[in-house]
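This report concerns only the one structure given below.
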Amino acid sequence: MPLSRTPHSTVLRLTSTLLTATVALYITLVAFGNITDFGTNQQFVRHVLAMDTTFKDDDLMWRAITSHALQDAAYVAIIAWETIAALVLIAGTYLWARRDDTRARSVSTLGLLMLLLLFGAGFIGIGGEWFSMWQSGDWNGLDAAMRVFLLSGVVLVVIHLLPLATDTRGSRAGSSG
């Protein structure tokens, strides 16, 4: 069902389209870079998981993953997640451009949630805290993760500012009463 059509909603729709496209472009380039230059961020993931540049506190080092196979499996999973998120956000952008607002919002929400989970739970939570990435002067990706997390969160809020269309009785379409 379409969202309401007012000048304000037209601006919000355009904003939603462009911001979704911006995040889609960003994560597409990230995934493409990780695929075509596999080794650069592979080293990042390996060092974070191995915790070899942290303070090496014995109370924390038991968490380290030193198996290259497990480290590489984690890295491939990250790239796959980024790639899927990119495809979902590209689809969301396409739906916004086609003015299929309800589906665009749903699809974009899914893609943005995927990024919030990857960068929030994955990099900030698990990498930053569990693997103590914050302790590393060389392999600390918390600032970059926070930027993507915040950008994705802002875009998620913006795409949900568009009001749902109202039916002829003045209630929100799809609601009872």
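Of all the heavy atoms in Ala86 and Thr28, the pair that sits closest is CB-OG1, 3.4 Å. Of all non-hydrogen atoms in Leu142 and Gly128, the two that sit nearest each other are CD2-CA, 3.7 Å. Of all heavy-atom pairs between Arg13 and Arg99, the closest is NH1-NH1, 4.1 Å. The shortest non-hydrogen separation linking Leu162 to Ser9 is CD2-O, 3.3 Å. When all heavy atoms of Val107 and Gly92 are compared, the closest pair comes out as CG1-N, 3.6 Å. Ala85 approaches Gly111 most closely through the heavy-atom pair CB-O, 4.3 Å.
To the nearest 0.5 Å, the span separating CD1 on Ile84 from CD1 on Ile79 amounts to 12.0 Å. Taking CG of Leu151 as the start and OG1 of Thr22 as the end, the distance is 7.5 Å to the nearest 0.5 Å. Distance CD1/Ile35 to CG/Asn41: 12.0 Å, rounded to 0.5 Å.
Classification of Arg46 and Asp72 as a salt-bridged pair holds, one side-chain N sitting under 4.0 Å from a carboxylate O.
Residues Arg105 and Asp101 form no side-chain contact, since every pair of their non-hydrogen atoms from C-beta on lies 4.5 Å or further apart. At least one side-chain heavy atom of Trp81 sits under 4.5 Å from a side-chain heavy atom of Met114. Residues Leu116 and Val148 have side chains not in contact (no heavy-atom distance under 4.5 Å, counting atoms from C-beta outward). Put simply, the side chain of Thr109 reaches to within 4.5 Å of the side chain of Leu156, judged on heavy atoms. Leu49 places none of its side-chain heavy atoms less than 4.5 Å from the side chain of Leu70. Residues Leu25 and Leu89 are not in side-chain contact: their nearest non-hydrogen atoms beyond the backbone lie 4.5 Å or more apart. A heavy-atom distance below 4.5 Å is not found between the side chains of Met133 and Ile126. Taking the side chain as every heavy atom from C-beta outward, Trp96 and Leu14 never approach each other to under 4.5 Å.
Legend: ring-ring contact (aromatic ring centres under 6.0 Å, His included) pairs involving residues 48-77, not counting sequence neighbours, sorted by first then second residue: Phe38-Tyr75, Phe55-Trp134, Trp62-Trp130. Note on residues 126-148: no pairs pass salt bridge (charged side-chain N to carboxylate O under 4.0 Å, His left out), not counting sequence neighbours.
The number of heavy atoms from other shown groups lying within 6.0 Å of OH (Tyr94) does not exceed 12. Heavy atoms from other residues, nucleotides or ligands lying under 6.0 Å from CZ of Arg98 number 12 at most.
Of the candidates Asn140, Thr54, Thr53, Ser132 forms a side-chain contact (heavy atoms from CB on, under 4.5 Å) with just one, namely Thr54.
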Would Ser152 and Val23 satisfy side-chain contact (heavy atoms from CB on, under 4.5 Å), going step by step from the backbone distance to the final call? CA-CA 7 Å; Ser152 299; Val23 179; 4.3 Å; yes

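The backbone N or O of Ile65 lies less than 3.5 Å from a partner atom in the side chain of Gln71, making a donor-acceptor pair.
Under the rule for a ring pair (Phe, Tyr, Trp, His ring centres under 6.0 Å), the partners of Phe123 that lie at least two apart in sequence or sit in another chain are Phe119.
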